[in-house]
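Remarks on the structure that follows.
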Amino acid sequence: MEIKEDLKKPTVKEFPRTLLRGVGQVMFQDNMLTGILFLCGIFWGSYQEGSPLVCWGCLAGVFISTLTGYILRLPDQGGAQGLWGFNGALVGCAFPTFLGNTVWMWIGLIICAALSTVAKSGMDNILGRWKISSFTFPFVATTWIFLLSARVFSGFPPVDMGSPEFPHLVEGSTAYVGVLQHFANENVSLGFGDLVIYWLRGISQVFLIKSWVCGIFFLAALAVSSWRACLWAAVASAISLFIAIVWQGPGIDIANGLYGFSAVLTGIALGATFCNFSWKAAIWCVCGIIATVFVQAAMNVFFTPMGFPTLTGPFCVATWIFLFPAYNFFEPKPVEAK
């Protein structure tokens, strides 16, 4: 995803296009049609899952975060390509997902979405020394702050956040048990049709939506912009699903696609955005996808005692690990390339 050096600042006339690109940039796509299809999937999935506020939160978040870039006149030359908006879009999905529907939740969403744009600009200034982007970590960091504050502010009722508890081994996992028996005990089917659903949910969970239909929308949206991005998203979700099953992860998390979404972003980043298209880069990408699954599991354990989600933190950590070495099969990318 290459930023043109002569790109002009986004104008008010370009604002609607910039908003749609901001949604597409969640998966590194500078494409307005991709953003439209992402939104179609988000609307379908959120209404299908009985959480319609998620899609409206996404719209509010990308609007506020993009508007913040305009108002502050940030020097980010990728603003017209949606790089001011993608963190806010994720903020908008997260708040209605984890917090109760109160006026204070919506005000907090607005504040957090605006803060994510400021945080992105600052983090990119720091990481730019190593030619590494902040990715979605501005969304992760700012949303963690507000979700943690929900534990003491009644205006942020944490209705859908986990209860603080120490992680524990699932029954029977202290000794070897067969994979089929293990998942049968957790009421998770390993039939082909069910595996396809889990695979698609791993893609849809990028926007915190548990809908296999939404996953199809997202694959179609990626294919419109980049067939490589579409391919690596599909491959990454499949690999993460396989790893989680073989290592016997929590069945309910696997069924809901919760081991797939960070791996999907890692796959798109390493396989279709920041590396060239050689066989060495492909192997490196697969290694990054596998590593992301274990980073996801580790961060799940770390945050369980606090009862709040990892969000896309595992993607950021794993992808940074695999980009910092700066091997020669990396394509030179400017820091603005998200």
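Note that the structure is predicted; figures quoted are calculated from it, not measured.
Aromatic ring centroids of Phe86 and Phe139 lie 6.0 Å or more apart. Between Phe95 and Trp106, the distance separating the two ring centers is not shorter than 6.0 angstrom. When ring centroids are compared, Phe135 and Phe274 come within the 6.0 Å threshold. No close placement of the Tyr198 and Trp212 rings is indicated, their centers lying 6.0 Å or farther apart. When ring centroids are compared, Phe217 and Phe38 stay outside the 6.0 Å threshold. The six-membered or imidazole ring of Phe153 lies away from that of Trp104, with a centre-to-centre distance of 6.0 Å or more.
The two atoms that bring Gly57 and Pro96 nearest to each other are CA-CG, 4.3 Å, heavy atoms only. Residues Gln25 and Asp30 approach most closely at NE2-CB, 3.6 Å, considering heavy atoms. Of all heavy-atom pairs spanning Ala94 and Thr143, the tightest one is CB-CG2, 4.0 Å. Residue Leu148 comes nearest to Phe308 through the heavy atom pair CD2-CE2, 3.7 Å, listed as atom of the first residue, atom of the second, then distance.
Using a 4.5 Å heavy-atom threshold, the side chains of Trp320 and Leu127 count as touching. Using a 4.5 Å cut-off on side-chain heavy atoms (C-beta onward), Met27 and Phe207 make contact.
Under the rule for a ring-ring contact (aromatic ring centres under 6.0 Å, His included), Trp227 has no partner lying at least two apart in sequence or in another chain.
Between the side chain of Ser65 and the main chain of Gly85, a donor-acceptor pair closer than 3.5 Å is present. Judged by distance alone, the side chain of Ser240 and the main-chain N or O of Ala236 form a donor-acceptor pair under 3.5 Å. Of the possible donor and acceptor atoms, one in the side chain of Asn125 sits under 3.5 Å from a partner among the backbone N and O of Ser121. In this structure, the side chain of Thr66 does not engage the main chain of Leu19 through any donor-acceptor pair within 3.5 Å. Arg228 places no side-chain N or O within donor-acceptor distance of the main-chain N or O of Thr273, the cut-off being under 3.5 Å. Judged by distance alone, the side chain of Trp84 and the main-chain N or O of Tyr70 form no donor-acceptor pair under 3.5 Å. Without hydrogens or angle criteria, Ser278 side chain to Ala281 main chain gives a donor-acceptor distance under 3.5 Å.
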Q: Any chance you could lay out the side-chain hydrogen bond (donor to acceptor under 3.5 Å, both in side chains) test for Glu49 and Ser211, step after step, and finish with the verdict?
A: CA-CA 7 Å; Glu49 295 298 315; Ser211 168; 4.7 Å; no
Q: Dump the intermediate steps for side-chain contact (heavy atoms from CB on, under 4.5 Å) on Val317 and Phe137, then the final yes or no.
A: CA-CA 9 Å; Val317 172; Phe137 197 72; 5.8 Å; no
Q.
Using side-chain hydrogen bond (donor to acceptor under 3.5 Å, both in side chains), reason through Ser116 and Asn87 one step at a time and then give a plain yes or no.
A. CA-CA 6 Å; Ser116 71; Asn87 283 292; 5.5 Å; no
**Q.** Step-by-step side-chain hydrogen bond (donor to acceptor under 3.5 Å, both in side chains) determination, Ser226 to Gln29
**A.** CA-CA 8 Å; Ser226 168; Gln29 304 308 304; 4.6 Å; no
Q.
Between Phe261 and Phe315, does the side-chain contact (heavy atoms from CB on, under 4.5 Å) criterion hold? Intermediate values first, please.
A. CA-CA 8 Å; Phe261 63 93; Phe315 148 65; over 6 Å; no
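Side chain to side chain, Thr68 and Thr117 fail the donor-acceptor criterion of an N or O pair below 3.5 Å.
At most 12 heavy atoms of other shown residues, nucleotides or ligands fall within 6.0 angstrom of atom CH2 in Trp44. Summarising the local packing, CH2 of Trp144 is surrounded by more than 12 heavy atoms from other residues, nucleotides or ligands at distances under 6.0 Å. Environment of CZ in Arg17: sparse, with no more than 12 heavy atoms of neighbouring residues, nucleotides or ligands closer than 6.0 Å.
With a 4.5 Å cut-off between side-chain heavy atoms of Ile, Leu, Val, Met, Phe, Trp and Tyr, the cluster of Ile283 takes in Trp279.
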